[in-house]
**Student:** 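Have a look at this one before I ask anything.
Because only heavy atoms are used, hydrogens play no part in the values below, and waters and symmetry mates are left out as well, while side chains stay in. This structure is a prediction, so every number in the text was calculated from the model and none was measured. First listed ligand is number 1; within each ligand, the first listed atom is number 1.
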Amino acid sequence: AVGWHRPTKLVIDTQAIKENVWNEVKRMPQGSELFAVVKANGYGHGAVQTAKAAILGGATGFCVAILDEAIELREAGITEPILILSIVDVSYIDVLLKYDLSVTVATQEWLEQAIDRLNHIETQGPLKIHIKVDTGMGRIGFTTPKTVKQAVELAQSTQLVVWEGLFTHFSTADEKDVSYFEKQTQRFQAVLSALFELPKYVHVSNSATALWHPDNVGNMIRFGIAMYGLNPSGHMLPEVYPLKPALSLVSQLIHVKELAAGEGIGYGNTYTTTENEWIGTIPIGYADGWLRHLQGFSVLVNGQKCEIVGRICMDQCMIRLPEKVSVGTTVTLVGHDHGADITLQMVADKLETIHYEVACTFSDRMPREYK
Ligand SMILES: Cc1ncc(COP(=O)(O)O)c(CNc2conc2O)c1O
């Protein structure tokens, strides 16, 4: 990647991101909008570049987790609506107005304090708010129709606030058992029935809800993991349309040697050659997010699976090669190589976690290259 001096890099397929968005946009109910969820640096893919690809696929807004992520998008020239999904301290109301951001309201107290501050600052308003309902995620939000109604009435009592959205978040939309999903849906319906009017955006869907519960309420979906081409359920539920993974992770061999039997590899000498073996070294380690628990996982060299042998170091790791291979040969750690595939899901399975976490923990020491 330009400006970097190590062959290790993440390669992000922006065409895949655009196609994944478009495939969802064209199947959404008429009048619905897709907001691309680009928090956590676009799930490790790069927030700004992901956002621009998502726009080409038909996204009309963005969701981020924290104020700083929203500022990054605005400073990169993104002008579409941006919703900050978590709580922003009321002391930053002026920043929210300055960057024209929409913010989540989860308590009456926060809204009261925000209105009080809005009464005392010059920065041009009004403040755009999305009222969050906690229907069972157990994270943030109002929990009863009554308290939502009170917040709506307060918001509508002043010109300083625009009630732009009402939303909830599902915790089991990616599971086969729909009982808890239905309980959350009923709770959200009870809130809707208690209100005389609704805001511009009513939104409940993450990727899993959009894919497997498409007829749920709402006119906007908060599309994250599926945009990156990853199945929200991992292995559990079938894809509704082909999701194209956008992320690959590649490097090159920086050292190749032949060892006789009985030679040790890596810290703690946890691997000993059992015969004459060709060993390659790759410039990637746990400081890049290629974690130590991946010892024993295989990567691809010329389409052949090569096992990671010995403990993964901070910056390098070693693999067993099938034969002598030249220094500089490409190593594919995630992606497609000569007809073979290593998926982020496979890495997640080995790490006993989910691909969301694997993608988000690839560190900034690895450049993102876009194609
Ligand atoms: C409120 C909210 N909406 C939408 C999304 C997008 O979900 P998706 O990527 O499954 O489409 C998330 C993702 N939040 C998280 C994903 O993993 N941990 C989280 O907190 C979220 O927290």
**Student:** Could you name each residue pair satisfying salt bridge (Lys or Arg N to Asp or Glu O under 4.0 Å) that touches residues 181-190, not counting sequence neighbours?
**Tutor:** none
**Student:** Got a sec, which pairs hit salt bridge (Lys or Arg N to Asp or Glu O under 4.0 Å) with one end in residues 311-339, sequence neighbours left out?
**Tutor:** Glu307-Arg320, Asp315-Arg365
**Student:** According to salt bridge (Lys or Arg N to Asp or Glu O under 4.0 Å), does anything in residues 265-275 pair up with another residue at least two apart or in another chain? List the pairs.
**Tutor:** none
**Student:** Select all protein residues for which some heavy-atom-to-ligand 1 distance is less than 4.0 Å, and list them by chain and number.
**Tutor:** Val37, Lys39, Tyr43, Leu85, Arg139, His169, Asn206, Ser207, Arg222, Gly224, Ile225, Tyr356
**Student:** Is there a continuous path of hydrophobic side-chain contacts, each under 4.5 Å between heavy atoms, that joins Trp212 to Ile225?
**Tutor:** yes
**Student:** One thing to verify: whether Glu69 and Lys39 come together as a salt bridge, which I'm taking to mean a side-chain N less than 4.0 angstrom from a carboxylate O.
**Tutor:** no
**Student:** Under a 3.5 Å cutoff, is there a donor and acceptor pairing between the side chains of Tyr271 and Gln295?
**Tutor:** no
